[in-house]
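Scroll down for the structure; my scribbles are underneath it.
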Amino acid sequence: MRIASSSTIIILILMLLTPACKQKVKGSETEADLKAENGQPAYGDALVEGVIGEPSNLIPMLASDSASHNVANHIFNGLVKYDTDLSVIGDLAESWDISKDGLVITFHLRKGVKWTDGVEFTADDVMFGYKTIIDEKTPSAYKEDFLQVKKAEVLDKYTFRVTYEKPFAPALTSWTSLVILPKHLLEGKDITKSDLVRSPVGLGPYKLAKWVSGQELVLESNKDYFEGRPYIDRYIYKVIPDPATMFLVLKTGDVDMMGLTPIQYTKQTDNTFFKNNFRKYRYPAFSYTHLAFNQKHPWFSDKRVRQAMSYAIDKNEIVDVVLFGLGSPATGPYVPNTWPYNPNVKRYEYNPEKAKELLKEAGWQDRDGDGILDKDSKPFSFTILTNAGNSLRKNTATIIQSRLEKIGVKVEIRTVEWSTFVNQFIDKKRFEAVLLGWSIGLDADQYDIWHSSKTKEKELNFISYNNPEVDQLLEKGRRTFAIEERKKAYFRIQEILADEVPYIFLYVPDATPIVHARIKNIKPTAIGISYNMPKWYVPKPLQRHTMGQ
Amino acid sequence: MFKYLAKRFLEMIPTLFGITLISFFIIHLAPGKPTDALSEMNPKMTPEARERLEKLYNLDKPVIVQYGMWLKRIVRLDFGESFSMDRRPVMQKIWDTKQPLLERRLFITFMLNLIAMIIILMIAIPVGISSATHQNTLYDKITTTTVFLGFAMPSFWLALLLMMLFGVYLDWLPISGLKSMSYDSLSVGGKILDRLKHLVLPMFVAAFGGLAADSRYMRSSMLEVVRQDYVTVARAKGLPEKTVIYRHAFRNALLPLITLAGLSVPGLIGGSVIFENIFGIPGMGQLFFNGVMTRDYSLIMAILTIGAFLTLIGNLLADIGYMFADPRIRTGR
């Protein structure tokens, strides 16, 4: 009798151990239609995106996590935005004038744009947003750009003017959705305690319809959107914290879109099921991974040592092994094929002999015959620090470790939890080398990372890089609006960085999203795929989700 | 008896105070601050802005002062606001009164753990007893191996295998979350069925992993009891084996399980991060884990305090349970 109850468990285990059954292909869409590049644009259907975390706050100026900004970007618009070639175009501002000296920007706003509650959007809303973000009581991470403003004025309902102390190139593009707030709903209220944090009122292509904490967010299309009603009726974020689970859910068809890991992109989606039902995209992400040396460390203050390290590391190998080829070797702090990127800088092809030579010049030789270089009877052994929980970085460090071992340099790898990593090691400059990544802003200004004045505790030039020429060029680059001038400055900076090697720029990874094939009109560009999301559509015969009543 | 209970209850107050004091200091010892999420590695953050932010949240004051402020709030049962970017009251994150009961984190975790515990007890007790009465038989060996297999198997691995089998290949069960996308358009019966379907895999994984402890306890406790004289007497009286085991031995063998049940009371509100992440369940484990990672002091303290309180209550309940179950304790006082 008793045996019966536990035998069910045994049967289940046996089922587990039997080889999996054949793959079932889901979906009744006709294959030809799915494969077609285009179809008849139609309203309707829903797009479900799998995300690992939910937003924290849907008022853009209060949020600093990408999950929040990704959602808020569908709900709010800025005065200006980046076009697909990274030039600046109007969004809520129809046009703008910049005074000759670059100090005054006058925005001419679109007329007749309405907040989703029906109230018209005017220059007062921009003014209100600006005043809110510079308010001491607003805990915003984006104040700095707006504190540069000397004077802001509302000239009339549709004209907004800002005056700067000094010309400031990133100024124009700082007027994004961060400072567009509905004044009529927020005036006189404590913004951090507002209901709008979790049920925002915006003017973008979508509006928030439902948010079930930890489970899903449902956006509905804004039928009165000023650039035209979006085709897809609902944009749903489904929170699935585990990437492996999310991939399984993608297979079952409950998720239409997600970011793939390198192994998922290259191996697990390389079959007919995915070829028939999904489309994969690939473009360089706006970030890079690097190995940064503490310039104050006696060994690494020698340029020859840093260059030697550069020769000893094979960037192509890292891209092939860690990223399965989904990325490109980096040569500087910019993304290839964007305007500030200089393709003609010094490259360090893998050359261990050259590395050894340079180290010898710097006084590093294996004198005691233990296989490790030494100088003043100290062996060349150092630690690469990186944050825990990022397997890409850890794998990269391991490859570097094995490559440096070949030239007689001993490397230890240590991973530390993020907060501890930043507070105890980065801020206190207690490291020899760190393996980290930067995400790159769409503007070329990188003053905070390279300028020698930014080396205090908590500032971003934590490697204490100091080069007067770079300082000057950084200053020049942010003080002019003329793109050719700026380009010259940033090209030169990259040449200097490539020669001096304060960082070894390792790789620029690719972003690799996958989207269900029924969704048409996705056009990948330098800035990704989501810029024209309101224009994506699902042809009528392929629509899958109808509005449940 | 009432006096004893009152005394036990009063003793809990200094204990609770001590627990909160120590936890408060320990979490403040960890490097980093809750404001780091906004200000770490952020080029747009000046040192002045960072200081202003810390001042805004009273993080510039000495820890003991901060503890005093926290204590002042807590006696009014106010756990304060979360330090995360949404600045919601901590209680609202744990128990969001704006959401239906079924969507509140604490309720989700509590119900899942309760169901899992009931399933475990329902299987573990009979399995434990029968393997004790069939000691060293093939059946005993099979059940022992099975429960230990469940105990030893990493739950995330089992979960992923089951998801692939039942979710992707067979397409019988949903694999993530607590309800389907079409949930709102379902009938009442459909809604219940939908929820139940979502529960099958997580509950199976949770129960399979938890069987070992309870069933082994039950088995060894039973083995000990059946060797006692009164069981021999009962057998000598000529009682059928079934009566001997289930009337006489069973009750005494259950005693250790009371302690075990008492100890698992605080576990009812704590979730497992791995388990919740794999199944996409928005429970307390995720909340707590994220709280720790972002140094969200008020959230951490709230969950720790509730947990500590429940641990103490659990112990008390176990004692009370003993008083009812075991006459020796009742009369001994």
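A, B, ... follow the sequence lines: proteins, then strands. Residue 1 opens every chain.
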Side-chain heavy atoms of Gln215(A) within contact of Lys179(B), under 4.5 Å: yes

If you count every heavy atom of other residues, nucleotides or ligands that lies below 6.0 Å from Ile52(A) atom CD1, does the total exceed 12? no

Between Gln286(B) and Pro241(A) the two heavy atoms that sit nearest each other are NE2-CG, 3.2 Å

Which heavy atom in Asp184(B) sits nearest to a heavy atom in Lys210(A), and how many Å separate them? OD2-NZ, 2.8 Å

Highest number of heavy-atom pairs under 4.5 Å with chain B: which of Glu54(A), Glu136(A), Lys137(A)? Glu136(A)

Answer yes or no: is there a side-chain heavy-atom contact under 4.5 Å between Asp254(A) and Ile175(B)? no

Shortest non-hydrogen contact from Thr252(A) to Gly167(B)? CG2-O, 3.5 Å

Under 4.5 Å from a heavy atom of chain A, the part of Ser182(B) involved: neither

Heavy-atom pair of closest approach, residues Gly32(B) and Ser419(A): CA-OG, 3.8 Å

With a 4.5 angstrom heavy-atom cut-off, could you sort out which part of Leu160(B) is near chain A: side chain, backbone, both or neither? both

Portion of Lys456(A) that has a non-hydrogen atom of chain B nearer than 4.5 angstrom: neither

Using a cut-off of 6.0 Å, state whether more than 12 heavy atoms not belonging to Ile274(B) lie near its atom CD1. no

Note: Arg295(B)-Glu417(A) ion pair, threshold 4.0 Å (strictly below): yes

If you draw a 6.0 Å radius around NZ in Lys55(B), do more than 12 non-hydrogen atoms from other residues or ligands fall strictly inside? no

Does Arg87(B) pair with Asp190(A) as a salt bridge, N-O distance under 4.0 Å? no

Interatomic spacing from CD in Gln99(B) to CH2 in Trp211(A) - rounded to 0.5 Å: 10.5 Å

Shortest non-hydrogen pair, Ser213(A) vs Arg88(B), comes out as OG-NH1, 4.2 Å

Tell me, for Ile108(B) versus chain A, whether the close heavy atoms (under 4.5 Å) come from the side chain, the backbone, both or neither. side chain

Atom pair OG1 (Thr138(A)) and CG (Leu56(B)), whose distance is rounded to the nearest 0.5 Å: 9.0 Å

Where on Gln446(A) is there a heavy atom nearer than 4.5 Å to chain B: the side chain, the backbone, both, or neither? neither

State whether the number of non-hydrogen atoms from other residues, nucleotides or ligands found under 6.0 Å of Phe107(B) atom CZ is greater than 12. yes

d(Lys33(B) NZ, Asn423(A) CG) to nearest 0.5 Å is 7.5 Å

Count the heavy-atom pairs under 4.5 Å between each of Lys193(A), Glu216(A), Arg198(A) and chain B, then report the option with the highest count. Arg198(A)

For the residue pair Pro31(B) and Gln424(A), what are the closest heavy atoms and their distance? CB-NE2, 3.6 Å

Within the distance-only criterion (no hydrogens, no angle test), does the side chain of Thr245(A) pair as donor or acceptor with the backbone N or O of Ile278(B) below 3.5 angstrom? yes

Val249(A), part contacting chain B, at a heavy-atom distance under 4.5 Å: both

Please classify the contact between Val48(A) and chain B as side chain, backbone, both or neither, with a heavy-atom cut-off of under 4.5 Å. side chain

Euclidean distance, Tyr169(B) OH relative to Leu248(A) CG, rounded to 0.5 Å: 8.5 Å

Part of Leu58(A) within contact of chain B (heavy atom distance under 4.5 Å): neither

